[in-house]
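Report on one structure; see the data block that follows.
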Amino acid sequence: MDDRFRGLGVALVTPFLPKGNIDYAGLERLIEHQIAGGVDYVVSMGTTGESVTLTKAEKKELLAQTIGFVRNRVPVVLGVGGNNTAEVIEALGDFDMDGVDAILSVSPYYNKPTQEGIYQHYKAIAQVALRPIILYNVPGRTASNMTAETTLRLARDLKNIIAIKEASANLDQMGRILKHKPKEFMLISGDDALTLPIIAMGGSGVISVVGNALPQEFSTLVNAALKGDLETARREHLRLIEVIDLLFVEGNPGGIKEALKMLGICGNTVRLPLVNVSEATSKKLYQALADAEVVKL
């Protein structure tokens, strides 16, 4: 098991200035917030990072700046995925991998491949990747579930596929992966609200959205759960659950960027076709943060 990816990983938002350019000063503040909060690793250019709206040039600069701001204090995972296998392989070759510790790659979306197609997609990527691969199953976004059988087949056949970020919300499927996986293979929660039950079943942690705003609070939950301190983990889970729910009611990352704005870390600008959360959701989110004793009314 690669312990670098055990615990709390945070899928970083990409801060933007009001006119839409990347806000690197905001990114530096965000990364310092993560380090101070005790996260175990960060993920650059995942879905939460609005990677689909970034140009190739922006992606290269964003990765370089992220690695520079992190300064080897925690591992950096790079999100590279898509529904065109050849393009994903080409993208992997375009990045400078110095400072990158692993790749997070989402299952192909839109073209709805069969399970055999998903297997062959990841096999082709794994055969050329220079870093370990974390699979990402998120059928709510891809409209295509990667079954437990396909995950286990990949885990057994390709040794540089080290983990899966599971965001199917299907605990039965995750249980089957955990029961039959190779010993070193990790299942990582891709759903903040399900992190406690997934760790209780044997999961290795979470790649989180809420961690952007509340790294210390969510780190406390995750570490307590991993240590078997369910009383502490349950208390933190219940304290944060309404905040977590509100972060997603109008889509991600609109909610988490609104929270980050409230905390003074970066602005809430998102790129079209995403838009900011409504004023009503913003007020509810602030109230939930106050109820969780994160901000004051």
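Hydrogens, waters and symmetry mates are skipped; everything else that's a heavy atom, side chains included, is used.
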Whether [Y] and [X] form a salt bridge (side-chain N of Lys/Arg under 4.0 Å from carboxylate O of Asp/Glu) is what I want to check.
X: E116; Y: R153; result: yes
X: E231; Y: R235; result: no
X: K261; Y: E258; result: no

Would you indicate whether the side-chain heavy atoms of [Y] and [X] approach each other to under 4.5 Å?
X: K123; Y: Q127; result: yes
X: L92; Y: R131; result: no
X: L30; Y: L260; result: yes
X: I207; Y: F5; result: no
X: F248; Y: D191; result: no
X: M174; Y: S168; result: yes

Pairwise side chain to side chain donor-acceptor pair (under 3.5 Å) hits with a residue in residues 95-107, at least two apart:
R4-D101
What residue pairs, at least two apart or across chains, pass side chain to side chain donor-acceptor pair (under 3.5 Å) with a residue in residues 65-79?
E32-R73, E61-Q65
Can you list, by chain and residue number, the hydrophobic cluster partners of L274 when the side-chain cut-off is 4.5 Å?
V270
Members other than V52 in its cluster, when Ile, Leu, Val, Met, Phe, Trp, Tyr link by side-chain heavy atoms under 4.5 Å?
none
Please report the closest heavy-atom contact between T14 and G49, naming both atoms and the distance.
OG1-O, 2.7 Å
Compute whether any side-chain donor of one residue and acceptor of the other, for Q115 and T150, lie under 3.5 angstrom apart.
yes
For the side chain of N137 and the backbone of M146, is there at least one donor-acceptor N/O pair under 3.5 Å apart?
yes
Partners passing side chain to side chain contact (heavy atoms under 4.5 Å, CB included) against L178 (at least two apart in sequence or in another chain)
K181, L187, M201
In residues 38-46, what donor-acceptor pairs under 3.5 Å come from side-chain atoms, sequence neighbours left out?
residue: D40; atom: OD2; partner: L8; partner atom: N; Å: 2.8

